[in-house]
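Have a look at the structure that comes next, please.
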Amino acid sequence: MARAAVPARRSGWPWRWLRTLLLLPLLRWRSTLGALPFGSSGGQPGFAELLSEQQLLEVQDLTMSLLQGRGLGPLSLLPPDLPDLEPECRELLMDFANSSAELIGCMVRSARPVRLCQTCYPLFQQVASKMDNISRNVGNTSESQRCAGSLLMADRMQIVVMVSEFFNTTWQEANCANCLTNDSDDLSNNTEYFLSLFNKTLACFEHNLQGHTYSLLPPKNYSEVCKNCNDAYKNLSLLYSEMQKMNGLENKAEPGTHLCIDVEDAMNITRKLWSRTFKCSVTCSDTVSVVAVSVFILFLPVVFYLSSFLHSEQKKRKLILPKRLKSSTSFSNIQENYT
């Protein structure tokens with residue numbers, strides 16, 4: 001019976017990789033046993049009869065590259081229509097990726113207690129700068145258009161745009177701009193002063209708690225904390241109120257009317273420690289005036305009704321004689337005159 005003709009040798013990268021993958025088990029079996037049947041045995045075609053010697057050497061070289069972890073070959077063997085980035089675009093993408101990774105790490109580390117704005121604002125500016133570099137890459141030349149289009153609009157997900165929007169949304173919801181200067185290059189003076197008073201207040205709390213013995217049950221008497229840290233807490237609370245008034249943020253119910261999350265979280269921590277943990281109350285210096293005004297308002301109705309009673313006109317009782325009695329009296333007087 002005539003033997004089937006061996007197909008002609010095919011060239012090109014797909015056939016080479018497919019051929020390598022199909023022959024990989026045979027070559028591994030050869031390396032294990034040390035021998036591979038190149039000749040015919042029992043009328044069956046040998047391995048060498050299917051491939052020429054040059055093809056066999058080529059397959060062995062590609063297989064060794066796979067086994068040694070060198071991949072499928074150089075990039076030049078890939079098809080020309082495979083999407084790939086230009087070196088300039090890849091550099092822009094890697095810069096954005098590295099900056100985003102640093103910012104994500106900073107945000108997670110600063111999540112509790114919240115130190116997002118004061119710690120991560122340089123990294124946020126860096127990510128925004130990298131994104132601007134990618135966006136500005138859109139120009140008149142076809143190369144720049146392809147670079148920006150590949151990074152920003154090449155697929156449905158638009159991962160680079162999505163990551164950038166996530167950072168911007170988080171930054172806006174945290175209101176970090178209220179803690180920074182106008183150019184967002186540094187913390188504002190009010191923010192730095194507030195954080196300084198906050199650290200002093202916490203230091204005062206810790207200093208006055210050193211006398212207590214730490215146990216499973218917290219101490220119930222915090223009189224020293226309330227007495228010695230009253231001024232520090234009062235100054236911090238007044239500064240927080242002034243910062244709200246300066247920024248027009250008295251109405252906290254509306255969106256966007258908040259101080260930055262760092263300042264709000266610091267004030268919330270201090271108030272919880274002062275009121276819930278230490279059970280302290282803020283002493284009011286105007287207690288006497290408040291009590292006097294309250295008593296005066298309570299006695300206003302009494303004074304009103306009493307003055308109305310004293311100054312009202314009393315109706316006098318007048319005796320009115322009937323007409324018959326008056327006429328009879330005059331008639332009797334006439335009779336007396338005639339007698």
Non-hydrogen side-chain atoms of C204 and Y233 separated by less than 4.5 Å: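 C204 vs Y233: side chains apart.
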Is any side-chain heavy atom of N133 closer than 4.5 Å to a side-chain heavy atom of F96?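 No, too far: nothing below the 4.5 Å cut-off.
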- Check whether the side chains of Y121 and D185 place a donor and an acceptor atom closer than 3.5 Å, and report yes or no.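 No, no side-chain donor-acceptor pair sits under 3.5 Å.
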Checklist line | Side-chain donor/acceptor of N175 to backbone N/O of I261, under 3.5 Å | finding: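 Not at all, since once roles are kept as given, no pair shorter than 3.5 Å links the two residues.
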* To do: Please answer whether the main-chain N or O of F166 pairs with a side-chain N or O of T170 as donor and acceptor at a distance below 3.5 Å.
  =>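 Side chain of T170 to backbone of F166, a donor-acceptor pair under 3.5 Å: yes, one is there.
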Looking at S164, is its backbone amide N or carbonyl O close enough to the side chain of N168 to form a donor-acceptor pair, meaning the two atoms are under 3.5 Å apart?
yes
Any C280 side-chain heavy atom under 4.5 Å of N230 side chain
no
_M162 CE to L152 CG distance, which is reported to the nearest 0.5 Å_ =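 M162 atom CE to L152 atom CG measures 13.0 Å (nearest 0.5 Å).
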Q | M107 vs L116 side-chain heavy atoms within contact, under 4.5 Å | A |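 A side-chain contact exists here, since the closest heavy-atom pair is under 4.5 Å.
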Hey, quick one: are Y193 and L238 part of the same hydrophobic cluster, counting side-chain heavy atoms closer than 4.5 Å, chains of contacts allowed?
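No.
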Exercise for the section: Evaluate the side-chain proximity of V127 to F124: yes if any heavy-atom separation is below 4.5 Å, no if none is. Expected result: no
Just wondering, more than 12 heavy atoms not from D183 lying within 6.0 Å of its CG?
yes
The reported gap from CG in L92 to NZ in K130 (rounded to nearest 0.5 angstrom) is 8.5 Å
How far apart are the C-alpha atoms of L273 and L202, what are their side-chain angles, what is the distance that settles it, and do they pass the side-chain contact (heavy atoms from CB on, under 4.5 Å) test?
CA-CA 9 Å; L273 290 175; L202 293 184; 4.0 Å; yes
Legend entry - More than 12 heavy atoms from other groups under 6.0 Å of CG on N189: no
*Is atom CZ of R112 surrounded by more than 12 heavy atoms (other residues, nucleotides or ligands) closer than 6.0 Å?*
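Yes, enclosed.
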Any donor-acceptor pair under 3.5 Å from T191 side chain to L187 backbone
no
**Request:** Look at atom CE of M157 and say whether more than 12 heavy atoms of other residues, nucleotides or ligands are closer to it than 6.0 Å.
**Result:** no
Q: Compute whether any side-chain donor of one residue and acceptor of the other, for S188 and N190, lie under 3.5 angstrom apart.
A: no
Only one of D95, L123, V160, V163 passes side chain to side chain contact (heavy atoms under 4.5 Å, CB included) with S100, and that residue is V163
- prompt: Parallel, tilted or perpendicular for Y240 and F194, by the 30°/60° rule?
  reply: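 Y240 and F194: tilted rings.
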When rounded to the nearest 0.5 Å, the distance separating CG of N228 from NE2 of H207 is 7.5 Å
Is the shortest side-chain heavy-atom distance between I269 and D265 below 4.5 Å?
yes
Between the OG atom in S196 and the CG atom in L236, the distance rounded to the nearest 0.5 Å is 10.0 Å
When every non-hydrogen atom of V263 is compared with those of L259, the smallest separation belongs to CG1-CD1, 4.0 Å
TODO: Mark yes or no for whether T201, through its side chain, and L197, through its backbone, hold a donor-acceptor pair below 3.5 Å.
DONE: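 Yes; judged by distance alone, with no hydrogens or angles, the pair exists.
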CG of L151 to CD1 of I159, rounded to nearest 0.5 Å, is 11.5 Å
request  = Check whether the SG atoms of C176 and C260 are less than 2.5 Å apart, and answer yes or no.
outcome  = no
Notebook entry, point to check: Any side-chain heavy-atom pair from M267 and S237 closer than 4.5 angstrom?
Noted result: yes
Side-chain donor/acceptor of N178 to backbone N/O of H258, under 3.5 Å | yes
Discussion item. Treating S184 as the side-chain partner and L180 as the backbone partner, does any N or O pair qualify as donor plus acceptor under 3.5 Å?
Written reply: no
Membership question, hydrophobic clusters at under 4.5 Å side-chain separation (ILVMFWY): are M131 and M94 in the same one?
no
Check the surroundings of atom CD in E192: do more than 12 heavy atoms from other residues, nucleotides or ligands lie under 6.0 Å from it?
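It does: E192 CD has more than 12 such atoms within range.
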Problem set entry | From CA spacing to verdict: side-chain contact (heavy atoms from CB on, under 4.5 Å), E165, V161 | CA-CA 6 Å; E165 290 179 352; V161 178; 3.6 Å; yes
>> Do L209 and Y222 have side chains that approach each other closer than 4.5 Å (heavy atoms only, starting at C-beta)?
In response: yes
Check your understanding: Hey, mind stepping through C179 and C117 against disulfide (SG to SG under 2.5 Å) and telling me if it holds?
Key -> CA-CA 7 Å; C179 281; C117 302; 5.2 Å; no
Separation between NZ (K272) and OG1 (T277), nearest 0.5 Å, reads 9.5 Å
